[in-house]
There are 2 protein chains.
Amino acid sequence: MSELESVIRRLEELDHRITPSRVAVIAAVLSHSGHFSVEDIIRQARAVGRATVFRTMRLLTDADVVCRVLLEDGSLHYRVSRRGHHHHLVCVSCGNVQDLDECVVGDLVRELAAATEYEIEGHWLEFYGRCSTCRSPVAVAARP
Amino acid sequence: MSELESVIRRLEELDHRITPSRVAVIAAVLSHSGHFSVEDIIRQARAVGRATVFRTMRLLTDADVVCRVLLEDGSLHYRVSRRGHHHHLVCVSCGNVQDLDECVVGDLVRELAAATEYEIEGHWLEFYGRCSTCRSPVAVAARP
DNA sequence: AGTATCAGTGAGACCTAGTATCATAACAAG
DNA sequence: CTTGTTATGATACTAGGTCTCACTGATACT
């Protein structure tokens, strides 16, 4: 079963109709191996209305087909998600994204909940850096 | 020395001029005990131009007078900062912000750097939940 | 089949948050 | 006093996203 079909299955299970517009958006989304902006998808699926692209992106986010990637400058990108709740390490130089295997703050959340009496419902966590390819050996050696 | 004066000192040390517009923005900023948006400041300091408010907010961020608070919906707010690098626990119900004493992911950053060969330069981390006041005893008891 | 209903749609107006431009003003230094 | 620098406000603009609304096309009921 292709990835497209499996996403369609997922939406059907959640009682969403499969329309040509949605299929076009999903196909555009799946064509990316890295992260992308909604504007990228709007450009790719030119026949689909702007509002519909945004609506479909929300659908896909809720269905865990994509996850949101917060870039360092605050802009929001998306990325096809192939695992559950996780976080990202984004290379600020080449834009490459490394998925962290699992949520690394689960323990922290429990500790904080105990210490603060908050009931913690969610969190944002993104790391930024330079991947091994982008940092030159010289730059590494020069670091204190 | 008032808080206003101490912020003014800080900017002077960084070679920024102290102008009436900047003082108005700083006073508006200091009038908030919680977090606030730039639009709040623009509303409060109506005599100051929109661009100048944004410019001054950047100045204050760079001078560590305020820190940025990322809300769950992705919107950016500010908060007077009284310590160095730290993170926030935001109540999604009343908006109250709890500062976490120090950065809780320092160790994590070092581990990740070793595991991924990334040189990690920065991160975003915000927690969301409901403070003890906002969660009713009933709701707490009902949680699994 | 007929019709009522409802999810989904695109066009476009609108909104929010922020940046760019630019002429002008205030100030500092020589 | 002149010259260069920093800061300013008005305004236009942009990016990213939401709202409205008339319309379409499936679905469900009779």
Side-chain angles (χ1 to χ4, degrees), chain A residues 7-8 10-29 32 35-63 65-79 95 124 126, chain B residues 7-8 10-29 32 35-63 65-79 95 124 126:
Chain A
V7 170
I8 287 176
R10 189 119 47 120
L11 290 192
E12 275 172 345
E13 277 161 23
L14 296 168
D15 278 330
H16 298 300
R17 288 189 198 159
I18 305 307
T19 65
S21 297
R22 286 183 177 170
V23 172
V25 170
I26 296 168
V29 162
H32 290 268
H35 55 89
F36 51 86
S37 66
V38 180
E39 297 300 325
D40 292 331
I41 304 301
I42 290 172
R43 236 171 283 131
Q44 283 175 266
R46 286 189 308 284
V48 181
R50 183 179 178 67
T52 300
V53 173
F54 278 102
R55 283 187 284 238
T56 307
M57 287 311 296
R58 177 178 304 204
L59 223 63
L60 295 176
T61 307
D62 291 348
V65 170
V66 297
C67 55
R68 304 190 294 172
V69 180
L70 180 69
L71 299 193
E72 207 167 17
D73 66 0
S75 70
L76 203 54
H77 277 219
Y78 288 83
R79 173 175 170 80
W124 258 120
E126 306 274 352
Chain B
V7 171
I8 287 175
R10 189 120 47 122
L11 290 193
E12 275 173 345
E13 277 161 23
L14 296 169
D15 280 329
H16 298 300
R17 287 189 198 159
I18 305 308
T19 66
S21 297
R22 286 182 175 170
V23 172
V25 170
I26 297 168
V29 163
H32 290 268
H35 55 90
F36 51 86
S37 65
V38 179
E39 296 301 324
D40 292 331
I41 304 301
I42 290 172
R43 236 171 283 129
Q44 282 175 268
R46 284 190 308 284
V48 180
R50 182 179 181 66
T52 299
V53 173
F54 277 101
R55 283 187 283 240
T56 307
M57 288 311 296
R58 175 178 306 206
L59 225 62
L60 295 176
T61 307
D62 291 347
V65 170
V66 296
C67 55
R68 303 191 295 171
V69 179
L70 180 69
L71 299 193
E72 209 166 16
D73 65 0
S75 70
L76 202 54
H77 277 219
Y78 289 84
R79 172 175 170 80
W124 258 120
E126 305 274 352

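Everything numeric here is computed off the predicted structure, so don't read it as measured data. Letters go in sequence order (proteins before strands), and every chain restarts at 1.
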Using ring-ring contact (aromatic ring centres under 6.0 Å, His included) as the criterion, list what pairs up with A:F54, not counting sequence neighbours. none
For A:T52 against A:S21, the heavy-atom pair lying closest together: CG2-CB, 4.1 Å
Roughly how far, to the nearest 0.5 Å, is OG of A:S37 from CD1 of A:I42? 8.0 Å
When B:V66, B:T56, B:V7 are each screened for side chain to side chain contact (heavy atoms under 4.5 Å, CB included) with B:V29, the one that passes is B:V66
Whole-Å gap separating P (D:dT27) and CD (A:E12): 10 Å
Residues B:Q44 and B:A28: closest non-hydrogen pair is NE2-O, 3.7 Å
Please evaluate the base of D:dG17 for a donor-acceptor partner in the side chain of A:R55 within a cut-off of under 3.5 Å? no
Return the residues of residues 70-78 of chain A meeting this criterion: a heavy atom under 4.0 Å from some atom of DNA chain C. Order them by number, or give none. none
A:M57 CE - D:dT18 P separation (whole Å): 12 Å
What integer distance in Å separates A:L59:CG from D:dT18:P? 13 Å
Please check: side-chain N/O of A:R68 versus main-chain N/O of A:T61, any donor-acceptor pairing under 3.5 Å? no
Please check: side-chain N/O of B:H32 versus main-chain N/O of B:R79, any donor-acceptor pairing under 3.5 Å? no
Evaluate side chain to side chain contact (heavy atoms under 4.5 Å, CB included) for A:E39 paired with A:H77, printing each intermediate quantity in order. CA-CA 10 Å; A:E39 297 300 325; A:H77 277 219; over 6 Å; no
Rounded to whole Å, CZ of A:F54 lies from P of C:dC15 at a distance of 17 Å
Tabulate protein N/O versus nucleotide N/O from nucleotides 3-6 of chain D, keeping only pairs under 3.5 Å, one per line.
from	atom 1	to	atom 2	distance (Å)
D:dT6	O4'	B:R17	NH2	3.3
D:dT6	O2	B:R17	NH1	3.4

With both distances under 3.5 Å as the test, what is the Watson-Crick or G-U wobble partner of D:dT6? C:dA25
Suppose we screen for side-chain hydrogen bond (donor to acceptor under 3.5 Å, both in side chains). Which residues come up paired with B:R43, at least two apart in sequence or across chains? B:D40
Any residue in residues 37-50 of chain A with a heavy atom nearer than 4.0 angstrom to DNA chain C? Just list them by number, or reply none. A:A47, A:V48, A:G49
Contact under 4.0 Å: A:R58 side-chain N or O vs D:dT18 OP1/OP2: yes
May I ask you to verify if any side-chain N or O of B:T19 is less than 4.0 angstrom from the OP1 or OP2 atom of D:dA7? no
Flag the pair B:L59 / B:V65 as yes when at least one side-chain heavy-atom distance between them is below 4.5 Å, and no otherwise. no
Applying side chain to side chain contact (heavy atoms under 4.5 Å, CB included), can you list everything that pairs with A:L70, at least two apart in sequence or on another chain? A:L76, A:W124, A:E126, A:Y128, B:L70, B:W124
